[in-house]
Amino acid sequence: MPELAKNESERPERYNPAQIEPKWQALWDADAALYAAEGHDSAKKKFYCLEMLPYPSGKLHMGHVRNYSIGDALARFMWMRGYNVLHPMGWDAFGLPAENAALKNNTPPKEWTLANIAAMREQMRRMGFSYDWATEVTTCLPEYYRWNQWFFLKMYERGLAFRKKSKVNWCPECQTVLANEQVIDGRCWRHEDTIVEQRDLTQWFFRITEYADELLQCLDTMDGWPEKVRTMQRNWIGRSEGTLVDFKVSESASPQVSESGEQQKITVFTTRVDTIFGATSVQLAPEHAVARALAACDLELAAEIEEMIEEQKAAREAGDVGAIEKHGVDTGRFAVNPYSGEQVPIWIANYILADYGTGAIMSVPAHDERDFEFAQKYSIPVKRVIVPANAADELPELPYTAEEGAVLAESGQWTGKSCVEAQREMAAFAKANGFGAATVTYRLKDWGVSRQRYWGTPIPMVYCENGHAAMHGSPAVEAGGVVPLPVTLLPVVLPEQIEITQQGGSPLGRVAEFVNTTCPACGGPARRETDTMDTFVDSSWYFYRYADAKDAAAPFATDKVNYWFPIDQYIGGVEHAILHLIYSRFWTKVMRDLGMIANSEPAARLFTQGMVIKDGAKMSKSKGNVVSPDDMIARYGADATRMYALFAAPPDRDLDWQEDGVAGISRFLGRVHRLATKYSEAASQQVSAPASQRSATEEKLLRALHQTIAKVTEDFSGRWHFNTSIAAVMILVNEIAGAEAAMDAGEVSPAAMGEIFRGLTLLLAPFAPFLAQELWAELGGEGAVFRAAWPEADAELARENEIEIPVQANGKLVVVVKLPAGSDEAAVKAAAMADAKVQARIEGKTVVKTIVVQGKLVNLVVK
RNA sequence: GCCCGGAUGGUGAAAUCGGCAGACACAGCGGACUUAAAAUCCGCAGACCUUAACCGGUCGUGGGGGUUCAAGUCCCCCUCCGGGCACCA
């Protein structure tokens, strides 16, 4: 084979990513300054480009590759545009998988996690992602999580972290509590087959509801976020304006329902207080206090209530709350409508939720669909009190739920008023008379952060066994011996030597050295909190840490964060639209109120990329359709893999992974490599030729180049449709390849050659950084290609000198005529009419109208 | 039920403002090169009708209506797919 080898070496070297990519990776790795941001005193404009940090599962998947290829292209582009770019990466490193792996492999969670991080960091380097590893953040290390504890204490001081006993979501698979946001259709977000149970537990919460209104209001002005995400967050917050109205439990029918003898009242929440004269019953949730009070002296009723509670529980666990059949029971008692003085029956119904509003409603069958249905079923009276504003209109069928264009009827002093006006006045009336008020309710609940797991941030609280509760300088001390640790005792370090078992309960509770401590207030014996924090705490503020990752004295320095924030572009999957993205908005507002930062929102712009699917389904192990990035790199190289991820679909849409497509990109890169290598000698000469002597080929190629520059530049600043940017670069390469004979014949000067190939290389740099770097060096470029200046589109060079004008007859294409660019309307019209095909088409007919759209087309209306 | 997306060739897609539908690719077919294959290069390619072939014609962006000289794009109605919220009072 020596002969063959000789032949091979004489041929121009073929595109070989396996050789090019590791070479540049090593050179880039050796230069720590390459991807580093300048300090906050930089004269350049800053650009904070952020991709969502991954959970270190051990392997990158294609979703990651897509996410980071988008961010990396943007970061490199911004560098080339002269910005001071911060492009960091980190690890969302706490969480249950590490404990499961520990069980399975008998490896300590920390060891397992850190090994995964090392492997994934290596994969990212191999992909050529431009992260500044000097600012890397790993959430499971005490250098990071101590600040979770610090924030927890700050929030505790402000009453934003608190403990309460409540119904919580319990995943039997995770053996821990879940936040509401982590329960999807009654199932665990990590175990879609596992039904989440309800348990009564005392847990720590963050008072996110305190910020509900601000979280909602800011959404209106967050133009840089997708409307979809904003809508999802609005729905999740679920703000509802309405009125609270007290109905007194009627004395005549129920002399005494309260043991204290005090008269009971039922407070209902309604968004339609204007319909209250039509209320014909009051409906209570089975768990409502009054329902329980009534049941206390009525065994039959008590049994029915119990049944309803079970039914609601079962439905919630089945994730199918809407499906239970509505039914209720008449208690035989009455309540008094404070507006009309009417007595209405009190019912208990299975569809009333105890945890929304007040757990009680007024039922207005005439003007609410659900109430109407219920009233039909039990023959409860229906009373119309809302009619169309236009009295001439026929009375609409019931239930009539309109609010706009409707007025009140048979509603005392409010009769004839518009619904909207009546709502306002009636709420004010309730307040003035002490039986109610306008109010706002939210769907959003406080964020439960306690987890009965080991691998998370320890909560920095102790329970004093003396019940002691005073603490140095801290006013925030609860009764019952809950004592916050002083910040000087942070971090509370997670013990590393621990046996992971499948037993329930918090694993930390079994580590005596951890649990047993002394009360920082009285010095007496105390027990540590053994729950850990939800991992969403870690990811709620990690991107602030990047700005000052090594700070040992504070979570970060305010001036650094104020320079970098808000994040200019945040990129990640839409699956975090609610969870992470609402928690981190909350956290930002808390930090602002703590005086730590100036911004109220973390990210000016958010981009949610689509999923990567294969054969019509999301890639997953169970479907067996997972494509490994490592395989793709081995076969086609990192450049082809990441470029395909950008080419196959616009980034916001789902992407169907087709390996043939990656091969196609690889072929394209090979073509670029062949052409650039072939002409690199001529192109790297530093000569210039006068423009007046340009050959037709030069003009054509320069025109193509500058049109492509304009197109790609525009895509970066606008829609981010990199699929069309890459298509444009392909067209440019096709033009160059088509001019190969002319170039070989010497029709393109070295100066033009240099401009064309250097331009092409710079255009490729954000998408295929390795090849671009290789060619940049080959073409005589200095240093890192993505630190070279992005080319400017020259409009003069880009301009076409000939335009093609389609000529239509009645909107149908007849012919395309060619004209010199800039031809006026008359010339275009004349050229169109002079065409033989056009003549043939209009022969014997009358042209009734001629439409000429300058530079676009001609349409002849003929009859 | 309510609120967002989406539906374009065999496939991924393009058409940013109402102005040539299908750019750019993939797969396919044909050719060149090769002993052969791979690789590479060149060409063809929405469907249907017509033709020996050219030429030519009709239809065509989920379905139906409309506005317009002109509609994938705007308006009305409907179907299907994906996502979010949901006995939320």
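Convention: sequence-line order gives letters A, B, ...; per-chain numbering from 1.
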Per A/Lys856 side chain, nearest of listed nucleotides B/rA39, B/rG84, B/rG19:
B/rG19
Across every strand shown, the nucleotide meeting Watson-Crick or G-U wobble geometry with B/rC55 (both distances under 3.5 Å) is none
Whether the side chain of A/Asn859 and the base of B/rC69 hold a donor-acceptor pair under 3.5 Å is what I'd like checked.
yes
Would you mind telling me which of B/rA23, B/rG19, B/rG84 lies closest to the side-chain atoms of A/Gln808?
B/rG19
Across every strand shown, the nucleotide meeting Watson-Crick or G-U wobble geometry with B/rA45 (both distances under 3.5 Å) is none
What nucleotide, of B/rU40, B/rC24, B/rC85, holds the atom closest to the side chain of A/Arg667?
B/rU40
Which base, if any, makes a Watson-Crick or G-U wobble pair with B/rA32, both distances under 3.5 Å?
B/rU40
Please name the residue in the list A/Asp715, A/Thr708, A/Thr713 that meets the side chain to side chain donor-acceptor pair (under 3.5 Å) test with A/Lys711.
A/Asp715
Side-chain atoms of A/Ala648 come closest, of B/rG12, B/rC20, B/rG82, to B/rG12
Could you work out which one of B/rA15, B/rA89, B/rC85 sits closest to the side chain of A/Trp236?
B/rC85
Ring-plane angle category for A/Phe374 and A/Tyr378, please: parallel below 30°, perpendicular beyond 60°, tilted otherwise.
tilted
Of the listed nucleotides (B/rG12, B/rA89, B/rG19), which one gets closest to any side-chain atom of A/Ile361?
B/rA89
With both distances under 3.5 angstrom, what nucleotide forms a Watson-Crick or G-U wobble pair with B/rG5?
B/rC81
Can you tell me, in whole Å, how much space there is between the C1' of B/rA7 and that of B/rC78?
14 Å
Proximal nucleotide (of B/rA25, B/rA89, B/rC59) relative to the A/Phe647 side chain:
B/rA25
Could you tell me whether the phosphate oxygens of B/rA14, OP1 or OP2, come under 4.0 Å of any side-chain nitrogen or oxygen in A/Arg719?
no
Looking at B/rA23, B/rA25, B/rA14, which one has an atom nearest to any side-chain atom of A/Arg653?
B/rA14
Does A/Asn734 put a side-chain nitrogen or oxygen below 4.0 Å from OP1 or OP2 of B/rA25?
yes
Counting side-chain heavy atoms from CB outward, which of B/rA14, B/rC87, B/rG19 is closest to A/Pro650?
B/rA14
With rounding to whole Å, what would you report as the distance between B/rG63 and B/rC80 at their P atoms?
15 Å
Anything under 30° is parallel, anything over 60° is perpendicular, the rest tilted; go ahead and classify A/Tyr644 against A/Trp657.
perpendicular
Between B/rG84, B/rC24, B/rA14, which nucleotide has the shortest distance from any of its atoms to the side chain of A/Asn723?
B/rA14
Phosphate contact (B/rC88 OP1 or OP2) by A/Arg370 side-chain N/O below 4.0 Å
yes
Paired with B/rU68: which nucleotide, if any, by Watson-Crick or G-U wobble criteria at under 3.5 Å for both distances?
none
Is the base of B/rC69 touched by the side chain of A/Lys849 through a donor-acceptor pair closer than 3.5 angstrom?
no
Below 30° counts as parallel, above 60° as perpendicular, anything between as tilted: where do the rings of A/Tyr400 and A/His367 land?
perpendicular
Write down the partner of B/rA25 under the Watson-Crick or G-U wobble criteria, each distance required to be under 3.5 Å.
B/rU11
If I pick the C1' atom on B/rG60 and the same atom on B/rG22, what distance separates them, to the nearest angstrom?
11 Å
With both distances under 3.5 Å as the test, what is the Watson-Crick or G-U wobble partner of B/rU61?
none
